[in-house]
Protein chains: 2
Amino acid sequence: MSSSVAEGAKRRPTLHDVAARAGVSKSLASLALQGSPKVAPASREAILAAANELGYRPNRTASSLVRQRTHTIGVHILDLHNPVFAEILDGVQEAARGHDYSTLLVTGNADPVTERTEITRLLESRVEGLVLIAHRLSDEDLAAIAREVPTVVVTWRTDGIAGLDSVAGDDLAGARLAVDHLAALGHARIAHISGGDNRIARERRSGYERAMADHGLDPLVVDGAFTERGGYAGAEAAVDAGATALVVANDLAAIGALAALRARGLRVPDDVSVVGYDGMRLLDSLDLTTVAQPLAEMGRVAADLLMERIEAPDRPSTHRLVETRLVPRGSSGPAPD
Amino acid sequence: MSSSVAEGAKRRPTLHDVAARAGVSKSLASLALQGSPKVAPASREAILAAANELGYRPNRTASSLVRQRTHTIGVHILDLHNPVFAEILDGVQEAARGHDYSTLLVTGNADPVTERTEITRLLESRVEGLVLIAHRLSDEDLAAIAREVPTVVVTWRTDGIAGLDSVAGDDLAGARLAVDHLAALGHARIAHISGGDNRIARERRSGYERAMADHGLDPLVVDGAFTERGGYAGAEAAVDAGATALVVANDLAAIGALAALRARGLRVPDDVSVVGYDGMRLLDSLDLTTVAQPLAEMGRVAADLLMERIEAPDRPSTHRLVETRLVPRGSSGPAPD
DNA sequence: CTGAAAGCGCTTACAG
DNA sequence: CTGAAAGCGCTTACAG
């Protein structure tokens, strides 16, 4: 394929090679390849043809270096195994593409050390902005990052950090929706399977507790986690304690809770009602009631905020709250007598 | 933070700034930051301190350019919404990190145009190798890419393309496992919900058809897709045709099939047995029998093959077949009388 | 152990 | 419309 081969190793063609083959200067070749209108049609054609014949592929590391722009945003996803994050990502990518930005995706697999390494890598690659679809960074690390590059956090509200925007659902209100729904169905022994010790879990738990109090009901919180396993164990503890309804911290855990109930021979919703949280698409097939967030929209909003901040790095922080709603499905029904 | 601020805009510190602050040359600063042992301890400390005070962050685009290496592999994922791919990715990343490579992740969202754009981006970023966790490229495109950079395809066997390795499960044998399992349970009306018109779907379908023939049973194939929706529609058609057992093309479609059966008021496995394909973790909670592939291992093997080829670009293509096994769960049971 | 110089592949004023 | 030159931020021989 390539014309000159040095000691068997194939050197990739550069702009220099293209220009030489087309019989023009590097500068002109560069202009032509960028589609500049100031190149004579004949030259342009010669250059494009040469590039084609050579299989020329522009070197982004070189052009980024000189342009001082990468036109790329970095996205960190906490955990690729939770489909919720993939749905948020859809929105981010759609909006980023709309602004003609590419996306560099990275995941910490819910491990803080890996996460920092990967985000550092993004920064070294000079992404122009960062979307964190959940994270485990400390406030200090987060502030340091936001000082370096426009950043938006999706999934929980993050104030008080300059240069940082956030997009989140109202977890307090969302958890209340779940309790209201179950209370309206006549449930009194409504348990909450918590999502562990993190901001979102705490918010959802508070929402549950306040709503229970408002309904004059005794709260019953059992330890769980944002995982199937966490939901499974939580559901066992909750039914042991006599719960007839479960407000589970997230959808994944709700799926685990369902498995636990099945293993116990309990019917859903006849014996126990289950409500999840997040609104991942799969729940439709699973017929699971949930508190749904507009996931893709959260991603879109995040990317849009990021683009705004890339344009105007010093604008004040903005925090968007998206609307959350209850989606009733077959996993919740009237309380047993 | 930074010392000299030009017209309000903060310029990021470069190696030059670090060297100046430490009172040494750029070359020495570079060496020190790379941890070279040829730098005097005193100099090293001064340099590290200066870098720290300045908040210096090395510019990867610059170092990649001069080093002619990125130490990065690109990974394309067909569809982030199928957890199967995330599980394969785990293996890829684990192995890549083990070889001290970073990973650039990209997805085409199952759209061929986006896919090509994203892969092109990876190539322009000079990744040293490519793992395609499924793809929609033509053989020509694939061959062109493999000519440019070491490439391995995961998920189906791909021969006849130089410089390209592949890792796949034995779909023919796998589908047979599902049929054998159901036949052993006494089922005769075993339907296959196909995965559409693509290589994997065709293989699995053939496996099903051959196995049925070997059992002396009449095949019954209904159109489906590798999606919940496809499984849903397929299941409806299959039970209409009198099937008592469903061999579904993949797990996602099997989840959809379950939803269809539930909507029809059919019990699983009492009325209809369901077997999925892929082995995604979630199925454990869903109590769904499946033909499981060692997903993370497939990813690890792929990354290992890629590393080998990066070392020896001209070695012959190798194609690895991983072992597939049936994981029986609650969704399959004896045939109804 | 340390510094001056060249160069990675590209883009962008600046002259003509 | 086109070319020569400088430079993006770094690394790496090469002298000392």
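Proteins get letters first, then strands, A, B, ... in listed order; numbering begins at 1 in each.
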Using Watson-Crick or G-U wobble geometry with both distances under 3.5 Å, which nucleotide pairs with D/dG16? C/dC1
Give a yes or no on whether a salt bridge exists between A/Asp165 and A/Arg315, defined as a side-chain N under 4.0 angstrom from a carboxylate O. yes
Looking only at heavy atoms, what is the nearest atom pair of B/Gly163 and B/Ser317, with distance? N-OG, 3.9 Å
For the pair made of CG in B/Leu65 and P in C/dC10, what is the distance, rounded to whole Å? 9 Å
Taken to the nearest whole Å, CG/A/Asn59 to P/D/dC10 is 17 Å
A/Gln34 and A/Ser30: side-chain donor and acceptor closer than 3.5 Å? yes
By salt bridge (Lys or Arg N to Asp or Glu O under 4.0 Å) - contacts of B/Asp90 (at least two apart): B/Arg281
Under 4.0 Å, counting only non-hydrogen atoms across every strand here, what does A/Ser43 touch: a base, just sugar-phosphate, or nothing? sugar-phosphate
Starting at the 5' end of DNA chain C, which residue's closest nucleotide do you reach first, A/Ala62 or B/Lys26? B/Lys26
Would the number of heavy atoms belonging to other residues, nucleotides or ligands and lying under 6.0 Å from NE2 of A/His16 be above 12? no
Residues of residues 27-35 of chain B with any non-hydrogen atom less than 4.0 angstrom from an atom of DNA chain C: list those, numerically ordered, please. B/Ser27, B/Leu28
Protein-nucleotide distance (B/Leu15, atom CG; C/dA4, atom P), rounded to Å: 14 Å
Take the protein atom CZ of A/Arg67 and the nucleotide atom P of C/dG9, then report the distance between them rounded to whole Å. 17 Å
Rounded distance in Å - CZ (B/Arg69) to P (C/dC8): 18 Å
Quiz question: by atom type and distance under 3.5 Å, do the side chains of A/Ser125 and A/Arg121 form a donor-acceptor pair? yes
Using atom CD of A/Gln68 as one end and atom P of C/dG9 as the other, report the distance to the nearest whole Å. 19 Å
Gap between atoms OH and C1', on A/Tyr56 and C/dG9 respectively (whole Å): 7 Å
Presence of A/Ser63 side-chain N/O under 4.0 Å of C/dC10 phosphate oxygens OP1/OP2: no
Measure from CZ on B/Arg57 to P on D/dC10 and round the result to the nearest Å. 12 Å
Crowding at CZ, A/Arg116 (>12 non-hydrogen neighbours, <6.0 Å): no
